[in-house]
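I have placed the structure first, in the form of structure tokens, so that the comments after it can refer back to it.
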There are 2 protein chains.
Amino acid sequence: MKIGELGRATGTSVETIRFYEAEGLLSAPARNAANYRVYELAHLERLSFIKRSRDLGFTLDQVRELLRLADDPGNSCAGVDVITARHVAEIDRKLADLNALRGELVRRLDSCQGPTIADCRIIEALSPKSAAE
Amino acid sequence: MKIGELGRATGTSVETIRFYEAEGLLSAPARNAANYRVYELAHLERLSFIKRSRDLGFTLDQVRELLRLADDPGNSCAGVDVITARHVAEIDRKLADLNALRGELVRRLDSCQGPTIADCRIIEALSPKSAAE
DNA sequence: ATGCACCCTGAAGTCACTATAGGGTCAAGC
DNA sequence: GCTTGACCCTATAGTGACTTCAGGGTGCAT
Ligand SMILES: [Zn+2]
Ligand SMILES: [Zn+2]
Ligand SMILES: [Zn+2]
Ligand SMILES: [Zn+2]
């Protein structure tokens, strides 16, 4: 299959596929007479793995590690589980941060009666005079 | 005050302050004989505003807009509220995404009994054979 | 022969900084 | 007076994970 087909099959853009190849995540495929990339089933499977991992929020470095671990089915999966648990912990941190931000913003939004900048509770929250709040 | 003092006063790194100047967010201050930046109170106030906005997760483009709106106290604050509401909506989207990811990851983590890659429920979730799931 | 979808490479742009290289300034202490 | 150290300066490159752009070539149908 050609790169466009592989992209459609995996939900990945052509540019991203070439980027993954340059990054060493996806091995360079054979070329046809026109110098077009020609992919095999193994490429489709590997790219699917990468796509799913990215969709689950793993970084490319984590994906690299997951691929390495996944390549040997006899290995212990402890490493995979550690990477995943660490990733969950990161997500928890982000969730906590975002929730705090959201709370602060919504509180301000709700209390703002306008009508002008001078009375705006959001601007007030941002302005240094309110620093003692 | 010099750039280091300003940085300590606002919790911003010296490099970030110079970056904000280059980006036009903070006006270029006067220089002393040694070509050091010399900041006034107005700079401190403006940088505080930027810092608070960034801490609340606004992008620099949004900060630019907020600064522009905040500069005229007679203006309606509708624009500010719109930017904020939009930002909250973005946060809500991110929260939903992260919660979904977290759920998927934790579900897999909990169900993985190991001991090898061949049995790992996380690798299974990533592998294309499980695509029909 | 012309259009169009598709493919190629290499380089630059995105965001919000951070880091690095290679210097200059200033006050204190020996 | 000379070094040490903290601080300041500019200009440039690096980060992550791509996306976009410039400037082409290929393959098939009309
Ligand atoms: Zn690693
Ligand atoms: Zn308001
Ligand atoms: Zn704008
Ligand atoms: Zn496992």
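We name chains A, B, ... by the order of the sequence lines, and we start the count at 1 in each one. Quantities reported herein were computed from a predicted structural model and do not represent experimental measurements.
Contact check on Arg107(B) versus Glu104(B) returns a salt bridge, with a Lys/Arg side-chain nitrogen under 4.0 Å from an Asp/Glu carboxylate oxygen. Note on Lys2(A) versus Glu5(A): no salt bridge recorded, every NZ/NE/NH1/NH2 to OD/OE distance being 4.0 Å or above. Here Asp97(A) does not pair with Lys94(B) in a salt bridge; the nearest charged N to carboxylate O distance is not below 4.0 Å. Salt bridge annotation for Arg93(A)-Glu90(A): absent, with no cationic side-chain nitrogen under 4.0 angstrom from a carboxylate oxygen. A salt bridge is defined here as a Lys NZ or Arg NE, NH1 or NH2 lying under 4.0 Å from an Asp or Glu carboxylate O, and Asp55(A) with Arg52(A) fails to meet this definition.
If you measure from atom CG of Leu47(B) to atom C1' of dC17(C), you get 14 Å, rounded to the nearest angstrom. What separates CD of Glu15(B) from P of dA21(C) is a distance of 14 Å, to the nearest Å. Going from atom CZ of Phe19(A) over to atom C1' of dT14(C) covers 13 Å, rounded to whole Å. One can place CD of Glu23(A) at 8 Å from C1' of dA17(D), the figure rounded to the nearest angstrom. As rounded to whole Å, 9 Å separates atom C1' of dT9(C) from atom CZ of Arg31(A). What separates CG of Asn35(A) from P of dG27(D) is a distance of 11 Å, to the nearest Å. The distance between atom CD of Glu5(B) and atom C1' of dC7(D), rounded to the nearest whole Å, is 11 Å. Across the protein-nucleic acid pair, Leu25(B) atom CG and dC15(C) atom P stand 13 Å apart, rounded to whole Å.
In terms of position on DNA chain D, the residue among Phe58(A) and Arg8(B) whose nearest nucleotide sits closer to the 5' end is Arg8(B). With the nearest nucleotide of DNA chain C identified for both Asn32(B) and Arg64(B), Arg64(B) has the one nearer the 5' end.
For Thr59(A), whose side chain is taken as the heavy atoms from C-beta onward, the closest listed nucleotide among dC8(C), dT19(D), dA17(D) is dA17(D). Here the side chain of Ile3(A) is nearest to one of dC8(D), dT9(C), dC7(C), namely dC7(C). For Thr16(A), counting side-chain heavy atoms from C-beta on, the closest listed nucleotide (dA16(C), dC18(D), dC9(D)) is dC18(D). Comparing atom distances between the Leu60(B) side chain and each of dC8(C), dA16(C), dC18(D) picks out dA16(C) as nearest. Nearest nucleotide to the side chain of Arg54(A), out of dA17(D), dC17(C), dT18(C): dA17(D).
Listed pair Ser13(B) / dC17(C) fails the phosphate criterion, with no side-chain N or O lying under 4.0 Å from OP1 or OP2. For the OP1/OP2 pair of dT9(C) and a distance below 4.0 Å, the side-chain nitrogens and oxygens of Arg37(A) include at least one atom meeting the criterion.
In the hydrophobic cluster analysis, where Ile, Leu, Val, Met, Phe, Trp and Tyr join through side-chain heavy atoms closer than 4.5 angstrom, Leu41(A) is grouped apart from Val38(A). The hydrophobic cluster containing Tyr36(B) does not contain Tyr20(B), counting ILVMFWY residues as joined when their side-chain heavy atoms lie under 4.5 angstrom apart, directly or transitively.
Using a 4.0 Å heavy-atom criterion, one finds that Arg18(B) contacts the bases of the nucleic acid, with or without backbone contacts as well.
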Between protein and nucleotides 23-26 of chain D, what N or O pairs are separated by less than 3.5 Å?
unit_1: dG25(D); atom_1: N2; unit_2: Tyr36(A); atom_2: OH; d: 2.9
unit_1: dT26(D); atom_1: O4'; unit_2: Tyr36(A); atom_2: OH; d: 3.0

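Asp72(A) CG to Arg68(A) CZ: the interatomic distance, rounded to the nearest 0.5 Å, is 10.0 Å.
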